[in-house]
K.L.:
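Here it is: the structure, laid out below.
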Amino acid sequence: MKLELINKLFECVEFGKININSPYPPQMKGLPGADEITQEALVAGVNPDEILNRALIAAMNKVGEKFTEKKIFVPQMLLSAKAMNASMNHLKPYFADGSVKRKGVFIVGTVFGDLHDIGKNLLSMMVEGAGWEVIDLGIDVNTEAFVEKVKEYPDAVVGISALLTTTMVNIEPVIKAIKQASPATKVIVGGAPLTAAFAASIGADAYGKNPREGIIWLDLQSQKMNN
Amino acid sequence: MSDTFQYFQFAFREVGPASGEIFRFIQSTDIEDEHPAKIFVHQIREKLKYIEGISGGYLIKKNSPVSVKQGSVQIDQTELQIGRQISDYLKEASSMALFVCSAGPVFTDMINEQSQQGNIMEAYLLDAIGSLTVEKAMDHVQQVLSDEMRQRGMHISNRYSPGYCNWELQEQKKLFSLIGRNPVGVTLTDSSLMIPAKSVSGIIGIGRNLRKRAYGCKICNNSTCTYRKIIDEQNEEYK
């Protein structure tokens, strides 16, 4: 019964079945979605940690793989993320009381001067789905805001994005200020015009070409921190 | 040539992108018809059909010779630091059309509304539709300019915007001060970004010997940049 619920939830997230009213995917029309199955699983005594790891993270991991392999596209990934969120809402009390642990804290924002947020939002949802607590500072985020948040969460990893060739240069002073305030803090950068070489030249610890690459690197940081 | 702002207004049904264009733009052409993304795009295009308030236009000003070495051009008393790449494309220009075009605040409002409700897929699609709409409206404006100039034996360049092709975004303030009061209603933030967000501004070179040159997209890896979309569409023209 428990395994069946986990598998059903996995499937809902993979295909973006949010709740019973969601007409998509057609073969699941009228059936419970991620929202209802999560509630059912909790009532049935499924461990919330299992729901997070074996259903949500595992499903989003598969979604990320399919996206990398170009088997699905951004809209499908976003629908999966929404289904994942519908489930995650029921897990929030367990995160709050510490009975379910997340992999770490990820502070993310679009660099100052840049108002683009779609890519950043997409990454945020995928990272949250990978089991991280995400603190989204929004768009046009100045250096001070990043540094303040890093001081508040000294073990957090920071992600900075930019979508213009003329604003990606603003990332460098932000990284310098973060490293000055907290030398051990790791920073990953991303956004359409960036490259790995550019990321290295401005002192970033990593470059995320796409959400999946970013998550793989983040999970590596989590493993290092927890060892 | 007129030195007053030439103003154009459009309805979404005139300049809004077709469904196929939207999915090509977001590189998601293989999505099945029953997917919520397809259904949403169909519904929102119907809803937007009667939306007006998409507007844009241009003001033509004479410029001093473009300095490729300095990467700049002087218009009135203002020196625009457009960078060497754009300067090279515009070196034969004797006048510049300073343009601004906007899809209006409706897209920002709808994107924010969807985001707040956690409908990130819908917000993402609206963002793409807004970007395409303003660029398509600007295509119309540019075509009018091109036709008018052709009648005078002049040629026009591609359009170039602060924030792209190494033209610093901060230069947008100078550009807007040159354009002055205009009916499009776009304003700038302290960091030189436009409000409403779905707006474009920039310059188009005009000259007798000016030749339209391809954008320098090969040196940039932004595969979803709207200028790359334009160049992809123009590829046939340059062959």
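First the proteins, then the strands, lettered A, B, ... as listed; each starts at 1.
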K.L.:
Between A:Arg212 and A:Asn61, do the side chains contain an N or O donor and an N or O acceptor separated by less than 3.5 Å?
P.N.:
yes
K.L.:
Which heavy-atom pair separates B:Ile22 from B:Leu132 by the least distance, and what is that distance?
P.N.:
CA-CD1, 3.8 Å
K.L.:
Side chain from CB out, backbone as N, CA, C, O: work out which of these in A:Asp114 comes under 4.5 Å of a heavy atom of chain B, or both, or neither.
P.N.:
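When you check distances to chain B, only backbone atoms of A:Asp114 fall under 4.5 Å.
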K.L.:
Given that the side chain runs from C-beta out, which part of A:Thr167 has a heavy atom under 4.5 Å from chain B: side chain, backbone, both or neither?
P.N.:
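Side chain only.
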K.L.:
Testing the 3.5 Å rule here: is there a donor-acceptor pair between the side chains of A:Asp205 and A:Trp217?
P.N.:
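Side chains of A:Asp205 and A:Trp217: no pair found under 3.5 Å.
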K.L.:
Will you find, in the side chains of B:Gln170 and B:Gln172, an N or O donor that is under 3.5 Å from an N or O acceptor?
P.N.:
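Their side chains do not contain a donor-acceptor pair, so the 3.5 Å distance test is not met.
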K.L.:
Name the region of A:Met125, side chain, backbone, both or neither, that has any atom closer than 4.5 Å to a heavy atom of chain B.
P.N.:
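When you check distances to chain B, only side chain atoms of A:Met125 fall under 4.5 Å.
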K.L.:
With a 4.5 Å limit on heavy-atom distance, are the side chains of A:Ile175 and A:Val189 in contact?
P.N.:
yes
K.L.:
Given heavy-atom pairs under 4.5 angstrom as the criterion, report whether the side chain, backbone, both or neither of B:Asp190 touches chain A.
P.N.:
neither
K.L.:
Need one label for A:Asn121: side chain, backbone, both or neither, based on atoms under 4.5 Å from any heavy atom in chain B.
P.N.:
both
K.L.:
In terms of heavy-atom proximity below 4.5 Å to chain B, should A:Ile72 be classed as side chain, backbone, both, or neither?
P.N.:
neither
